[in-house]
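Right, one structure below, let's go through it.
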Number of protein chains: 2
Amino acid sequence: MRSDLRHIRYFVATAEELHFRRAAERLGIAQPALSRAIQALEADLDVALFVRTNRSVQITTAGRVFLDGAREIIALTDRTMEEARTAHDGRMGELRIGYTDFAIAGALPNLLKGFQERHARVTLKPQHGVTLTQIKRLEEGQLDLGFVTGPITRDGFDQRVVQSEAFRCVVADSHPFARRDGLQIAELAKEDFVHGSSTDWQHFYDYLLPICRRAGFAPRIRQEAFNTAGILGLVSCGMGVTVLTERVCSALAPGLVTLPLLDVDERLVTSAVWRVDHLIGPARHFVDYLQDLPPAR
Amino acid sequence: MRSDLRHIRYFVATAEELHFRRAAERLGIAQPALSRAIQALEADLDVALFVRTNRSVQITTAGRVFLDGAREIIALTDRTMEEARTAHDGRMGELRIGYTDFAIAGALPNLLKGFQERHARVTLKPQHGVTLTQIKRLEEGQLDLGFVTGPITRDGFDQRVVQSEAFRCVVADSHPFARRDGLQIAELAKEDFVHGSSTDWQHFYDYLLPICRRAGFAPRIRQEAFNTAGILGLVSCGMGVTVLTERVCSALAPGLVTLPLLDVDERLVTSAVWRVDHLIGPARHFVDYLQDLPPAR
DNA sequence: TCGCATGATGCCGATTGGGTATCAATATTA
DNA sequence: TAATATTGATACCCAATCGGCATCATGCGA
């Protein structure tokens, strides 16, 4: 026999009443059942918790020690269950959010702030990851929500567009293009490019390549960096040019110039994505929050 | 269905393994039983704790919240049970000890100190009480051990003598008797006596009276006080004389003189007493400790 | 002495817990 | 592509546990 919460609840009532019939009434059971339950608990512990006669019930020293712990166990159990329910209905718990460089440079900070103001008991856990990594982690249940590049069409996933950005060319301020107001994409054909690492930035490259192809060239990538900050650093050193999006370019360090690509209408979309079968707890509230926002421009 | 510790243990194992067959093996039950138990727990909570396919088991946000609490509940339960056992076998817990003025002025402090050195996890709870009060509280289970005056012969009680004291007369240093080396009890016949309150000191009076009666008088009590300190205070103010015991008199304040009663052979005994049916936990260890001491002189 | 109060025990039926067998769905392998 | 393996869920059945009613044993008070 393993002692259960039932036994512990029966014990607390008996310890408080010190009278088996009254304790049984309080518990809504018959006195013999209570008598046997306490005996079973004592047998399991191999400890006398009460000294009883047919006239009186007294609690032992061990019983008093057990009573302190028993009250804590019950309180902790009730609290744990209540917190699980609260987490289930989304009012508390962790929300693991993945984000790309484009998301964190754009709409995401304000989204997180707005949501956090509405759900103070939810703990946001932002985790950087490129799009493909986020998708994998969503599948594995390691992320609740992702902010990724481009529309995602995948079974079991749903999404909502949260931002849409024009492409921009970034050059060093010493570059001949720096004094221009804008460029045609074809003018980059002979330039050295700086880009992200071939594994992590494959997804972004798959958006950039068709744009260049239409102008008759493939970007000649001479340098790779790990993230946008690294890319921009290499560009400002004159190692080449790059193409990023308007939000990433909106707060440039000195030494860099951003140029519109006048003949490029394509935009880079950032979407919030989630697994439909995992939309429970705080994630459900976040998606509700997103749906209530005006559409992204 | 009320969730039980069994469910909580099953849940923790499942949350740690994230695989029902392996968790069931670890718990020593069949996988279908585990499946059903987790479902029952989820139904009770009305919370999804896992997202399961036939390929994978993932824990939900609510599941993770519940896991934190579940681990605490199990640890607290195990600890509480262990402490109850420890208290039962006497290694820890409270020991409620009653004492008289005679006990605390005599052997008791050293006894408590000696026991405490041997049983550091036991908390001693000394509580002053006159003999009759202590007996009542032992019967009610409010005390574990008493240090009372005189031999106690009462069904269900056992005892051991811990000290034995001669009677002494105490007078103010301005009293004519103060320059004497000793007295006969009959010399007190005409004196005003200071004694304890008639209710609380009845038990002591029942020892004193036969001694005076044998010398042909009953003490003429003119003043009452609540305890020995009060009695001695009144005596030092010249309000009368008193008869106490040697230990209480051993550290007198200025203004008081102690005189042996040369023809009184009776001694006042202080005994440790306990209920035989209540000799469990730390009380048992204390009594063992007393039995190991040399007999009281 | 009798009546009452109180915890323990006996007997029985209902409910719960667990095992084996099987199913449904998916992934892997040949 | 078909066969096989894996995995959680469900069906059926039996054993164990829990709780109720009736009764017993004991002690106290009128």
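Per chain, numbering begins at 1; letters A, B, ... match sequence-line order. Worth knowing before you read on, the calculation uses all heavy atoms, side chains too, and leaves out hydrogens, waters and symmetry mates. None of these values were measured; they are calculated from a predicted model.
Computed from coordinates, the L34(B) CG to dG18(C) C1' distance equals 12 Å when rounded to whole Å. The distance from atom CZ of R6(B) to atom C1' of dC18(D) is 13 Å, rounded to the nearest whole Å. Here the P atom of nucleotide dA16(D) and the CD1 atom of I29(B) are 17 Å apart, to the nearest Å. One can place CD of Q58(B) at 12 Å from P of dG8(D), the figure rounded to the nearest angstrom. Regarding I38(A), its CD1 atom lies at a distance of 11 Å from the P atom of dG19(D), rounded to whole Å.
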> When you check every protein heavy atom under 4.0 Å of nucleotides 1-10 of chain C, what one-letter string (B, S, -) results, 5' to 3'?
Replying inline: ----BBBBBB
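Taking the six-membered ring where the residue is Trp, F147(A) and F286(A) present perpendicular rings, their angle passing 60° and hence far from 30°.
The phosphate of dG18(C) has OP1 or OP2 within less than 4.0 Å of a side-chain N or O from Y10(B).
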Quick one: side chains of residues 135-142 of chain A, donor-acceptor pairs under 3.5 Å with protein atoms, not counting sequence neighbours, listed by atom name and distance.
residue, atom, partner, partner atom, Å
K136(A), NZ, E140(A), OE2, 2.8
R137(A), NH1, Q127(A), OE1, 3.3
E139(A), OE2, R154(A), NE, 2.9
E139(A), OE2, R154(A), NH2, 3.1

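Aromatic ring centroids of F66(A) and F50(A) lie 6.0 Å or more apart.
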> Can D101(B) and H128(B) be said to form a side-chain hydrogen bond (donor to acceptor under 3.5 Å, both in side chains), step by step?
Replying inline: CA-CA 8 Å; D101(B) 285 348; H128(B) 180 264; 3.0 Å; yes
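Residues D78(B) and R9(B) are paired through a salt bridge, judged by an N-O separation under 4.0 Å between the basic side chain and the carboxylate.
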